[in-house]
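Let me begin by presenting the structure, written as structure tokens, before commenting on it.
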Amino acid sequence: MHKQLPNFFIFVDHYKDLVFKKNTNIGLIYRNYKDTNRENNLIKIAKECKKNRWQLFISNDIKLTHKFKADGIYIPSFSKTKKFANLERKNLTILGSAHNYKEIHNKIMQNCNAIFLSPIFNIKKAHNFL
């Protein structure tokens, strides 16, 4: 059985003290793909998440998700692989992001429990919106 999803999510790419203020029911998504120091950042972030009772989600890396005992995995919109489709058996929450209808369909095929949609409204920098 999955835990209830948090009301708010914070996306981070490195550890910052300011992020960990006294808020409740927050999910933290760590998504840094280029940092060679990912594990050192994750040690600090996982420790703070446990202390504050926040749910931790690690982006696009199953091995790090298991190593740091994260609550789930975040699948970015550019990830089209179906290797995440069987993770619900391992009691992990699967989050995804999508920017158009085709990506929404991909996230459904990847068995995501929740999907972040953006942009929802028309903005100048995006040619399409949901």
Side-chain angles (χ1 to χ4, degrees):
M1 185 92 190
H2 294 292
K3 294 180 183 178
Q4 184 177 358
L5 287 175
N7 293 332
F8 299 101
F9 287 90
I10 299 172
F11 289 80
V12 297
D13 59 356
H14 61 278
Y15 177 79
K16 284 186 183 177
D17 287 338
L18 295 175
V19 172
F20 298 100
K21 295 297 175 190
K22 298 193 182 206
N23 294 317
T24 57
N25 201 13
I26 292 186
L28 189 131
I29 299 173
Y30 177 75
R31 60 174 188 175
N32 190 336
Y33 309 110
K34 297 179 182 175
D35 188 11
T36 57
N37 203 15
R38 284 182 86 182
E39 291 197 22
N40 289 337
N41 273 322
L42 269 169
I43 289 169
K44 295 176 192 174
I45 290 170
K47 182 179 177 183
E48 287 292 327
C49 283
K50 285 183 192 213
K51 185 170 90 175
N52 292 315
R53 295 184 180 166
W54 290 4
Q55 291 185 33
L56 174 63
F57 300 89
I58 298 175
S59 180
N60 217 25
D61 195 330
I62 296 170
K63 289 180 184 177
L64 284 179
T65 301
H66 289 302
K67 182 175 183 176
F68 289 97
K69 298 178 183 165
D71 296 290
I73 191 163
Y74 167 76
I75 306 170
S77 61
F78 62 80
S79 179
K80 309 294 186 228
T81 182
K82 292 193 168 79
K83 68 180 179 182
F84 304 110
N86 64 352
L87 290 178
E88 71 272 359
R89 291 186 207 128
K90 296 185 180 186
N91 218 12
L92 291 173
T93 303
I94 306 170
L95 303 178
S97 65
H99 304 292
N100 56 44
Y101 291 112
K102 184 177 179 183
E103 290 176 358
I104 292 171
H105 182 68
N106 285 339
K107 297 306 158 196
I108 292 170
M109 297 304 289
Q110 291 172 332
N111 292 334
C112 289
N113 300 102
I115 302 171
F116 295 100
L117 304 174
S118 72
I120 298 173
F121 303 107
N122 188 11
I123 57 174
K124 292 179 183 176
K125 71 177 187 175
H127 298 293
N128 55 10
F129 57 95
L130 293 167

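On a predicted model such as this, the values are computed, not experimentally measured, just so you know. Keep in mind that the numbers below use all heavy atoms, side chains included, and drop hydrogens, waters and symmetry copies.
- Between N32 and R38, the shortest heavy-atom distance links the atoms O-NE, 2.8 Å.
- Considering CG of L92 and CG of N111, their distance stands at 12.5 Å, rounded to 0.5 Å.
- Taking the six-membered ring where the residue is Trp, the centroids of F68 and Y30 are separated by 6.0 Å or more.
- Atoms CD and NZ, on E103 and K107 in that order, are 7.0 Å from each other to the nearest 0.5 Å.
- Taking CD from E39 and NZ from K67, the interatomic distance works out to 3.5 Å, rounded to the nearest 0.5 Å.
- Residues satisfying the salt bridge (Lys or Arg N to Asp or Glu O under 4.0 Å) criterion with K51, sequence neighbours excluded, are E48.
- Between D13 and R31, the shortest heavy-atom contact is CB-O, 3.7 Å.
- Smallest separation of non-hydrogen atoms from D61 and I58: O-CG2, 4.3 Å.
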*Evaluate the side chain to side chain contact (heavy atoms under 4.5 Å, CB included) criterion for residues N106 and I75: first the C-alpha distance (whole Å), next the side-chain angles of each, then the deciding distance (0.1 Å), finally the verdict.*
CA-CA 11 Å; N106 285 339; I75 306 170; over 6 Å; no
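- I26 and P6 get closest at one heavy-atom pair: C-CB, 3.6 Å.
- Between F11 and F116, the ring planes lie perpendicular to each other; the angle is over 60°, past the 30° to 60° tilted range.
- For N41, the side-chain hydrogen bond (donor to acceptor under 3.5 Å, both in side chains) partners two or more places apart in sequence, or in a different chain, are D35.
- Partners of K47 according to the salt bridge (Lys or Arg N to Asp or Glu O under 4.0 Å) rule, which considers only residues two or more places apart in sequence or in another chain, do not exist here.
- To the nearest 0.5 Å, atom CD of residue Q55 and atom CG of residue L5 are 6.5 Å apart.
- Going from atom CD1 of I115 over to atom CD1 of I104 covers 6.5 Å, rounded to the nearest 0.5 Å.
- Note that CD1 of I73 and CG of L95 are 9.5 Å apart. Values are rounded to the nearest 0.5 Å.
- The nearest pair of heavy atoms linking W54 to D71 is O-OD2, 3.9 Å.
- Across all non-hydrogen atoms, the minimal contact from Y74 to S97 is OH-OG, 3.0 Å.
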